[in-house]
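Note that these values count all heavy atoms, side chains included, but never hydrogens, waters or copies made by symmetry. As the structure is a prediction and not an experimental result, all values here were calculated from the model.
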Amino acid sequence: MIQPDFLKEGDKIAIVAPAKRMLEGELDEAIKLIKSWKLIPVLGKNIYSEFDFGYRYAGTDNVRLEDFQWALDNEEIKAIWCARGGYGSVKIIDDLNLTYFNKNPKWIIGYSDITVFHNHFNRLGFQTLHGVTAKKLADTIYHPSSYQSVYDVLFGNKIEYHIKDSHRFNQLGEVEGELVGGNLSIVYSLLGSESAINNPQNKILFLEDWFENWYAVDRMMMNLKRNNILNQVKGIILGNFTHMDTEDENKENYNHPFDSTTYEVIHSFTKDLNIPIAFNFPSGHTGHNVALKMGAKVRLNITSNSVNLYFIE
């Protein structure tokens with residue numbers, strides 16, 4: 001897997017919106033943070049565009065494609081930070097021209113709908129960065145490591161995670177493999193396409209999600225099972241499953257990330273797998289959302305009281 005170059009002070013980082021619309025002011029904190037890292041933020045020219053076609057996109061497909069293509073091709077841009085998730089990335093992925101990127105790969109940062117880019121670029125042989133989007137989740141208290149870990153990846157600092165945990169569904173063991181996955185709904189939706197996870201035999205699968213019904217989680221896990229992904233991966237990491245089986249998105253904060261019923265549903269699919277499996281990993285739709293280098297080789301070690309994730313290369 002090809003690892004993009006690390007950043008240095010003075011480099012430019014683009015913020016683009018490949019999915020849901022952005023509002024004026026929603027990027028103020030991200031811009032301030034980028035400057036505090038001694039990087040230069042550059043906004044896509046269409047960042048605040050809007051197109052309503054049964055969903056409030058950040059502009060038409062062509063507009064969102066234009067901004068993402070600009071960020072890929074501009075030699076001064078050293079990383080691309082996606083403004084937010086939502087829906088829309090899959091509508092532009094097949095029209096991207098990767099000629100320049102293939103020769104000059106750069107970090108693509110984000111999560112949720114940005115899983116489209118993680119899966120697609122990982123499949124092409126490039127590492128990406130699963131981490132916070134530029135726009136925060138509303139009413140969310142962010143853990144310092146959510147941003148510090150993104151900084152550490154971008155600047156080439158060592159990252160590894162040691163989590164004191166003894167979840168009753170954890171399965172102990174140690175394994176090495178390529179880290180893949182992301183948002184469960186997106187991973188599921190990409191199956192059968194050119195962006196789907198392929199050759200799962202040497203991979204460790206990470207999954208997270210939010211605001212999905214429990215029966216939908218069952219359906220998606222069943223599809224992963226029937227596609228022979230669950231029974232081939234070398235390990236599984238389950239992150240945050242936030243506010244599942246509820247429609248109360250606007251009235252709650254996102255600081256209670258682990259849904260026990262969702263874990264029970266997932267456990268029904270993983271309990272007979274003879275591989276290391278970790279629940280309660282702090283990544284996904286919550287304030288504690290540590291960065292993961294997708295496509296990187298990692299070592300997953302699960303003991304009776306801890307989950308340890310090492311990034312090897």
Side-chain angles (χ1 to χ4, degrees), residues 1-18 22 26-47 66-85 89 96-111 114-115 117-118 120-122 124-136 142-162 178-179 182 283 288-299 309-313:
M1 297 293 287
I2 298 172
Q3 180 175 259
D5 290 339
F6 297 121
L7 275 61
K8 61 183 184 302
E9 292 183 3
D11 281 344
K12 293 181 179 180
I13 180 170
I15 303 179
V16 297
M22 295 296 302
E26 288 184 325
L27 294 174
D28 290 351
E29 288 189 61
I31 292 170
K32 182 178 179 181
L33 178 68
I34 290 170
K35 291 179 178 179
S36 76
W37 291 349
K38 295 183 171 54
L39 299 173
I40 301 172
V42 185
L43 303 186
K45 72 175 185 178
N46 301 306
I47 190 73
E66 179 185 7
D67 269 12
F68 209 94
Q69 190 67 61
W70 158 79
L72 288 175
D73 293 346
N74 189 314
E75 63 181 15
E76 294 185 348
I77 299 298
K78 303 304 180 183
I80 303 170
W81 198 3
C82 296
R84 65 172 303 169
S89 298
L96 291 174
N97 184 329
L98 303 182
T99 302
Y100 179 84
F101 179 89
N102 287 333
K103 299 176 181 178
N104 303 276
K106 55 190 74 175
W107 292 104
I108 298 173
I109 311 159
Y111 73 113
I114 310 309
T115 296
F117 298 110
H118 297 314
H120 192 81
F121 282 87
N122 292 165
L124 293 175
F126 300 97
Q127 292 184 16
T128 56
L129 177 48
H130 184 285
V132 291
T133 50
K135 178 187 179 300
K136 286 185 172 182
Y142 276 72
H143 192 282
S145 64
S146 297
Y147 290 102
Q148 182 62 44
S149 56
V150 170
Y151 176 92
D152 287 338
V153 172
L154 291 179
F155 282 87
N157 298 334
K158 181 179 179 181
I159 61 167
E160 57 185 46
Y161 301 114
H162 306 282
E178 177 189 324
L179 185 63
S283 188
H288 198 183
N289 182 11
V290 299
L292 300 170
K293 288 199 296 180
M294 308 305 290
K297 185 178 181 181
V298 301
R299 182 168 73 252
L309 185 63
Y310 306 87
F311 289 81
I312 301 171
E313 59 185 37

Between [X] and [Y] (side chain of the first, backbone of the second, donor and acceptor by atom type, cut-off under 3.5 Å), is there such a pair?
X: W81; Y: A30; value: no
X: N74; Y: W70; value: no
X: K106; Y: I77; value: yes
X: N104; Y: F101; value: no
X: D67; Y: N46; value: yes
X: T133; Y: R84; value: no

Does a side-chain heavy-atom distance below 4.5 Å link [X] with [Y]?
X: K136; Y: Y142; value: yes
X: I31; Y: L43; value: yes
X: F155; Y: L39; value: yes

Supply the atom-to-atom distance [X] [atom1] to [Y] [atom2], rounded to the nearest 0.5 angstrom.
X: I80; Y: I109; atom1: CD1; atom2: CD1; value: 8.5 Å
X: C82; Y: I114; atom1: SG; atom2: CD1; value: 3.5 Å
X: I108; Y: F117; atom1: CD1; atom2: CZ; value: 7.0 Å
X: L7; Y: W107; atom1: CG; atom2: CH2; value: 10.0 Å
X: D152; Y: S145; atom1: CG; atom2: OG; value: 10.0 Å
X: L179; Y: L292; atom1: CG; atom2: CG; value: 5.5 Å

Show the nearest heavy-atom pair for residues [X] and [Y], with the distance to one decimal.
X: F311; Y: A291; result: CZ-O, 4.5 Å
X: F68; Y: P18; result: CD1-CB, 4.1 Å
X: I15; Y: I47; result: O-CD1, 3.6 Å
X: L27; Y: A83; result: CD2-CB, 4.2 Å
X: Y147; Y: V132; result: CE2-CG2, 3.6 Å
X: W37; Y: L154; result: CZ3-CD1, 4.2 Å

What verdict does the ring-ring contact (aromatic ring centres under 6.0 Å, His included) test give for Y161 and Y310, after you've listed the backbone C-alpha separation in whole Å, the side-chain angles of each residue and the deciding distance to 0.1 Å?
CA-CA 7 Å; Y161 301 114; Y310 306 87; 10.0 Å; no
CD/E29: more than 12 non-hydrogen atoms of other groups inside 6.0 Å:
no
Count the heavy atoms of every other residue, nucleotide or ligand shown that sit under 6.0 Å from CG of D5, and state whether that count exceeds 12.
no
When you check the side-chain N and O atoms of [X] and [Y], is any donor under 3.5 Å from an acceptor?
X: S283; Y: N289; result: yes
X: N122; Y: Q127; result: no
X: S146; Y: H288; result: no

When you check the gap from the basic side-chain N to the acidic O, do E66 and K45 get nearer than 4.0 Å?
yes
Does a side-chain N-to-carboxylate-O contact under 4.0 Å join K12 and E76?
yes
Among E313, Q3, H130, whose side chain to side chain donor-acceptor pair (under 3.5 Å) with K293 holds?
Q3
side-chain contact (heavy atoms from CB on, under 4.5 Å), that's the test. Do H118 and M294 meet it? Break it down for me.
CA-CA 7 Å; H118 297 314; M294 308 305 290; 4.3 Å; yes
Stepwise side-chain contact (heavy atoms from CB on, under 4.5 Å) check, L72 with L96:
CA-CA 9 Å; L72 288 175; L96 291 174; 4.0 Å; yes
When you look at M22 and K135, which way does the side-chain contact (heavy atoms from CB on, under 4.5 Å) test go after all the steps?
CA-CA 8 Å; M22 295 296 302; K135 178 187 179 300; 3.8 Å; yes
In sequence, state the C-alpha distance, the side-chain angles, and the governing distance for L124 and L98, and then conclude on side-chain contact (heavy atoms from CB on, under 4.5 Å).
CA-CA 10 Å; L124 293 175; L98 303 182; 3.5 Å; yes
